[in-house]
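Let me begin by presenting the structure, written as structure tokens, before commenting on it.
Please read these numbers as outputs of a predicted model, since none were measured by experiment. Below, chains carry the letters A, B, ... as their sequence lines are ordered, and counting in each starts from 1.
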Amino acid sequence: MDLKFKVLKETSYGARLGEFKTKWGTHKTPMFMPVGTQATVKTLSPEELKDAHADIILSNTYHLWLRPGEDIVDNAGGLHEFMNYKTGPILTDCGGFQVFSLAKPKDISEEGVKFKSHLDGKELLLTPEKSIEIQNKLGSDIIMSFDECPPYPVTHEYMKNSVERTLRWAKRSLDANKKRETQAQFGIVQGGEFEDLRKWSAIETSKLDFDGYSVGGVSVGEDPITKLKMIEYATAYLPKDKIRYLMGVGEPVDLIDGVIRGIDIFDCVLPTRLARHGNALTRNGRTNIRNAKFIKDLTPIEEDCDCYTCKNYTKSYIRHLIVSDESFGQRLISIHNIRFLTKLMEDIRYHIEKDDLLEFREEFVSKYNKKQ
RNA sequence: GCGAGUUUGGUGAAGUGGUUAACACGGCGGAUUGUGGUCCCGUUAUGCGUGGGUUCGAUUCCCACAUCUCGCC
């Protein structure tokens, strides 16, 4: 499916303001996608997501394959119907990241990856064809090609073999997609911290007819400078007229830095995971709501925030909920954290339009890194 | 009033005549980047009811007092 991506404005250093279309409407980039691994953005309803200005979410092939199974979702009429998310598109991840994150005894071959299910220990084989078949049944709007996300660090030789195999998997993933008319498909660039491999991966993947291109294998434990280089090495060789998606990155400053290097969309578990552990994102950095200093604090998490949480609840109350392990507290902070990131993306778009994004970055970083 | 037993941090509790008094919970702080929601890391009693005594040395042994529990009058 053609996403009709348009770059509306590009800065001299490569930050882009754009938009793309799905049957759900027109979507502005740069944008941030909250993660709903198991057909739910943890603790939140679709209405709450919409109110937090999240208009696209990510869900996960691997998890839904294991439970409840793609046929169950298909039987319900697809993921949107199954989870009652009918306000925007869904992108499904391919399962390749689990090769890295589950890090169990794994067996990667040309055919695919052998996993042991984390639910019952059963041995499973995930291949490019299987990943695409599952995503076809899930009925997401954007599907991801199957890739390998190697750990960090890894030798140049290992990475070279991995990148070449990921490219072959990308071709097989493309061939396997039976629903190209209704489901857009992205390829994934790998290559670790190696410039030659990132370049090769970006150029070769770009030759394939994808609707967008992802930069994967970032934020896997590398230092901050290496992280930025990984992105630059890839985006330098990606087509300018297609969406670029930086996978798994969600620290506020990283989002700005990604946009500056030409990234259009991001996803990350950070806002919801931090929320479940009592951490709120604010302009002045992260705030651990558990801290005793908030015990009698009757102000909202952020005074000028327009989210449901900040308009209605105090830090004193939210702290009590988190300390008492009440899920409503996790939900309230999740709402705020997602709104914080969608608002950040709105600000980023505004400053690309004004062409002062670099100045905005300096101002943002100076406040965000200053611990109150 | 008499007899027996009890007394270790915020809580539940281990423990020993000899350097820094287990462990758990709680508290305080941290961590968290394509999510195995309940996970992880650090820290938290200069003191073992009070006062004496024995001993080179006592939270550990002895005495008195206090405390709470049980039994008897």
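Here the side chains of A/Q190 and A/C149 are in contact, with some heavy-atom distance below 4.5 Å.
Of all nucleotides listed (B/U38, B/G34, B/U35), B/U35 comes nearest to the side chain of A/N60. You'll find that the side chain of A/M247 is closest to B/G34, out of B/G37, B/G34, B/U33. You'll find that the side chain of A/C94 is closest to B/G34, out of B/G34, B/C28, B/G30.
Other residues, nucleotides and ligands place more than 12 heavy atoms under 6.0 Å from the CD atom of A/E359. No more than 12 heavy atoms of other residues, nucleotides or ligands sit less than 6.0 Å from atom NZ of A/K122. Counting non-hydrogen atoms of other residues, nucleotides and ligands closer than 6.0 Å to CZ of A/R168 gives a total above 12.
Between A/Q98 and the phosphate of B/U35, there is a side-chain N or O to OP1/OP2 separation shorter than 4.0 Å. For the OP1/OP2 pair of B/G30 and a distance below 4.0 Å, the side-chain nitrogens and oxygens of A/H277 include no atom meeting the criterion. Residue A/N291 has no polar side-chain atom (N or O) positioned under 4.0 Å from OP1 or OP2 of B/C28. Close to B/G30, at under 4.0 Å from its OP1 or OP2, lies no side-chain N or O of A/R290. Proximity of A/N279 to the phosphate of B/U32: no side-chain N or O atom is located under 4.0 Å from OP1 or OP2. In terms of phosphate contacts, A/R319 brings a side-chain nitrogen or oxygen within less than 4.0 Å of OP1 or OP2 of B/C28. Considering only side-chain N and O atoms, A/R276 lies nowhere under 4.0 angstrom from the phosphate OP1 or OP2 of B/U35. Contact between the side-chain N/O atoms of A/T37 and the OP1/OP2 oxygens of B/U35 is found at a separation under 4.0 Å.
Among the atoms of the strands shown, none is found under 4.0 Å from any heavy atom of A/G36. Note on A/L270: only backbone sugar-phosphate atoms sit closer than 4.0 angstrom, heavy atoms only; bases stay farther off. Residue A/L91 is out of contact with every strand shown, counting any heavy-atom pair closer than 4.0 Å. Within the nucleic acid shown, A/D93 comes within 4.0 Å of at least one base atom, counting heavy atoms only. Contact annotation for A/V323: backbone-only contact, meaning every heavy-atom pair under 4.0 Å involves sugar-phosphate atoms and none involves a base. As judged by a 4.0 angstrom heavy-atom cut-off over every strand, A/Q190 is placed among the base-contacting residues. Using a 4.0 Å heavy-atom cutoff across all strands shown, A/T272 reaches at least one base atom of the nucleic acid.
Using C1' as the reference atom, B/U67 and B/U7 are 7 Å apart when rounded to the nearest Å. Across B/A22 and B/G52, the matching C1' atoms stand 31 Å from one another, rounded to whole Å. Only the P atoms considered, B/C41 is 26 Å distant from B/G15, to the nearest whole Å. Using P as the reference atom, B/A24 and B/U43 are 13 Å apart when rounded to the nearest Å. The C1' atoms of B/C28 and B/G10 are separated by 13 Å, rounded to the nearest whole Å. Atom name C1', nucleotides B/G18 and B/G9: the rounded distance is 23 Å, in whole Å. For the P atoms, the distance linking B/U16 with B/C61 amounts to 10 Å, nearest Å. Rounded to a whole angstrom, the distance from the C1' atom of B/U59 to that of B/U6 is 16 Å.
Of the two residues contacting RNA chain B, namely A/Q330 and A/I188, the nearest-nucleotide position lying further toward the 5' end is that of A/I188. Heavy-atom nearest nucleotides on RNA chain B were determined for A/Q38 and for A/K227, and the one closer to the 5' end corresponds to A/K227.
A straight line from CG of A/L274 to P of B/U33 spans 9 Å, rounded to a whole angstrom. Atom CE in A/M33 sits roughly 17 Å away from atom P in B/U33 (whole-Å rounding). Rounded to an integer number of Å, the gap from CG of A/D325 to P of B/C39 is 8 Å. Put simply, CZ on A/R331 is 19 Å from C1' on B/U38, counting in whole angstrom units. The interatomic distance linking A/I322 (CD1) with B/G27 (P) rounds to 13 Å, in whole Å. To the nearest angstrom, P of B/U33 lies 9 Å from CZ of A/R286. Remark: P of B/G37 and CG of A/L44 are 15 Å apart, rounded to the nearest angstrom. Taking atom CZ on A/F340 and atom C1' on B/U33, their separation rounds to 15 Å, with Å as the unit.
For A/D147 and B/G34, a side-chain-to-base donor-acceptor distance below 3.5 Å is present, hydrogens and geometry of angles not being considered. Evaluation of atom-type donor-acceptor distances gives no pair under 3.5 Å for the side chain of A/K42 against the base of B/U35.
Taking the six-membered ring where the residue is Trp, A/F364 and A/Y368 present parallel rings, their angle staying beneath 30° rather than reaching 60°. Ring orientation note: the planes of A/H336 and A/F340 are tilted relative to one another, at an angle of 30° to 60°. Ring orientation note: the planes of A/H27 and A/F20 are tilted relative to one another, at an angle of 30° to 60°.
If you check B/A64 for Watson-Crick or wobble pairing at under 3.5 angstrom, you find it paired to B/U50.
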Worked verdict on A/Y62 versus A/F115 for ring-ring contact (aromatic ring centres under 6.0 Å, His included) | CA-CA 10 Å; A/Y62 173 76; A/F115 287 96; 5.2 Å; yes
